[in-house]
2 protein chains.
Amino acid sequence: MKPDNKGSNGRKQPKKTLVDHVYHEIQNRILYNIWGTGYQALEQELCEELGVSRTPVREALIRLQRDGLVNVVPRHGMRVLPISATDIQQIYQILTSLESLAVELAAARELSARDYKSLDTALKAMKIAQDASDLKAWAQADEDFHYHLVALSANRILIELVDSFWGRAQRARLTMLSIRNNPINSTQDHAKIVDAIRRGDSARARELIEGHRKRGASDLTELMEKHLNILQLS
Amino acid sequence: MKPDNKGSNGRKQPKKTLVDHVYHEIQNRILYNIWGTGYQALEQELCEELGVSRTPVREALIRLQRDGLVNVVPRHGMRVLPISATDIQQIYQILTSLESLAVELAAARELSARDYKSLDTALKAMKIAQDASDLKAWAQADEDFHYHLVALSANRILIELVDSFWGRAQRARLTMLSIRNNPINSTQDHAKIVDAIRRGDSARARELIEGHRKRGASDLTELMEKHLNILQLS
DNA sequence: ATGACAATTAATGGATACCTTAATGGATTT
DNA sequence: AAATCCATTAAGGTATCCATTAATTGTCAT
């Protein structure tokens, strides 16, 4: 997701339309675990909670359902979908694949100095956060980096696709963050990827990010299996 | 998309809810080019056309918009999105990437005889259609084959994702089918892929499908550039 | 004649009212 | 006592209604 407050993430800015507002509000509550896995609410309850009528709620729910965040079943309202170890694994597999493509495309393009700047900025932020052991800032910078990477692919449809995946990925990431002991030194990985892009070596860039993601994913699943009891999953 | 009539494809089966009906109806009209690129209609017009009120129409439009088939802009109703050469290229890039992942996963799994059967059936259908020079049947069989391939990944989220992409992919494919001179002999490609899966050689399988898709994509874009004037693309 | 502003109109976003349907509990029958 | 069926009711699906806002057109002034 975009690091700024456009798109579907975010800080609560008064949105133009109520549907958007409801959408972002519910999304936030799910992503920041205010409404945890399994939380159920009827349309009417959501209306009262959010102070709007059923129309915007219903329309927001359609979008959220497509995002894979909730399930809407007649007579039982919406339900926040569980995110299992399997889900996380599958999500990371997909993200790996899509990001690999993005990086390959980015490396094959002519990038401007401005493009590199966005990557370098994120890289620097990661280093700073890592030195300060600021786990949250690190995660944010990591997210920014990966976002910019995808943006550089110049494949508009791909960017949208990854964006629409962001919610699920974010949930997976946040879930893991809570039990992740130390930030993996992926800062180095990232620097290498940027280098490969700079050299225009698309095959190598793809290789690198694929390895990076796969390592990340296997770390995550390993952690999950260890801490499965702690997490309120499934 | 599933070759049978479940999911979002399809033959017009009387759906349970009006929203579903409207969704499928509009989707069909777009996919089968009854409403071509650039077609515009106000919500009210859609209501009259389909004989329902605005509510189901609006809810269906949200889904269609997410599918990338239409754009809904206030005061101008919905508009069938153009599909440009660039779009087709980008869509194929993404599909290539996702299918590569799917094949890799499939090859790494233990597949049942039943699984292979679904592939073999599609393969056989392709051969028959090819011998009969039945372009339409060939395209259908090709689609079936690729669908089954993805299904064998056992990555539920991936399957859904590709499925939701189906509409756009289908439009790209149909657009191309009209100007495609002869079915590329991808039947051989397919057979090789199935072989690799059978041997459990996931890397090779991935390589093969990636090559297959990339060749297909470049053929398509080449064709598009030649015939750009024929197509009503934007 | 052209541009700007205002009045009109029409389409959307949102609220509400209505109707259909499914879950629940109780009653009746075996 | 258990099972089945019916009645009740609440939730969701759909239609309609209202308010807001943007497009359009017409008029007036420069």
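As a basis for the values below, the full set of heavy atoms in this structure was taken, side chains included, without hydrogen atoms, waters or symmetry mates.
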Under 3.5 Å, is there any donor-acceptor pair linking the side chain of A/Arg54 to the base of D/dG13? yes

What is the distance, rounded to the nearest whole Å, between atom CD1 of B/Ile62 and atom C1' of D/dG13? 14 Å

Between C1' of C/dG13 and CG of A/Leu50, the distance in whole Å: 17 Å

Pairwise 5' ranking along DNA chain C for A/Glu59 and A/Pro74, keeping only the more 5' one: A/Glu59

Rounded to whole angstroms, how far apart are CD on A/Gln40 and P on C/dA23? 13 Å

Let's test your reading of the model: under 3.5 Å, does the base of C/dA11 pair with the side chain of B/Arg75 as donor and acceptor? yes

When you measure from the side chain of A/Arg168 to the backbone N and O of A/Asp67, does any donor-acceptor pair fall under 3.5 Å? yes

Measure NZ/B/Lys16 against C1'/C/dA22 and give the value in whole Å, please. 9 Å

Exam field: side chain A/Glu43 to backbone A/Arg58, donor-acceptor pair closer than 3.5 Å: no

Do A/Gln27 and A/Gln170 come within less than 4.5 Å of each other through their side chains, counting heavy atoms only? no

Taking atom P of C/dT12 as reference, at what distance in whole Å does atom CD of B/Gln65 sit? 13 Å

Please confirm whether the backbone N or O of B/Ser112 pairs with a side-chain atom of B/Asp115, one donor and one acceptor, at under 3.5 Å? yes

Donor-acceptor contact below 3.5 Å, side chain A/His21 vs main chain A/Val19: no

The answer to which of B/Ala41 and A/Ser53 contacts DNA chain C further toward the 5' end, by nearest nucleotide, is B/Ala41

The side chain of B/Arg58 lies closest to which of these nucleotides: D/dA11, D/dT14, C/dG14? C/dG14

Please determine, for the side chain of A/His76, which listed nucleotide (D/dG12, C/dA23, D/dT14) has the closest atom? C/dA23

To the nearest Å, give me how far apart CG (B/Leu61) and C1' (D/dT14) are. 16 Å

Tell me whether the side-chain N/O atoms of A/Thr55 come closer than 4.0 Å to OP1 or OP2 in C/dG14. no

What is the distance from CD of A/Glu43 to P of D/dG13, rounded to the nearest Å? 6 Å

Could you state the atom-to-atom distance from CD of B/Glu48 to P of C/dA11 in whole Å? 10 Å

Identify which nucleotide among D/dG12, C/dA15, D/dA15 has an atom closest to any side-chain atom of B/Leu18, counting heavy atoms from C-beta outward. D/dA15

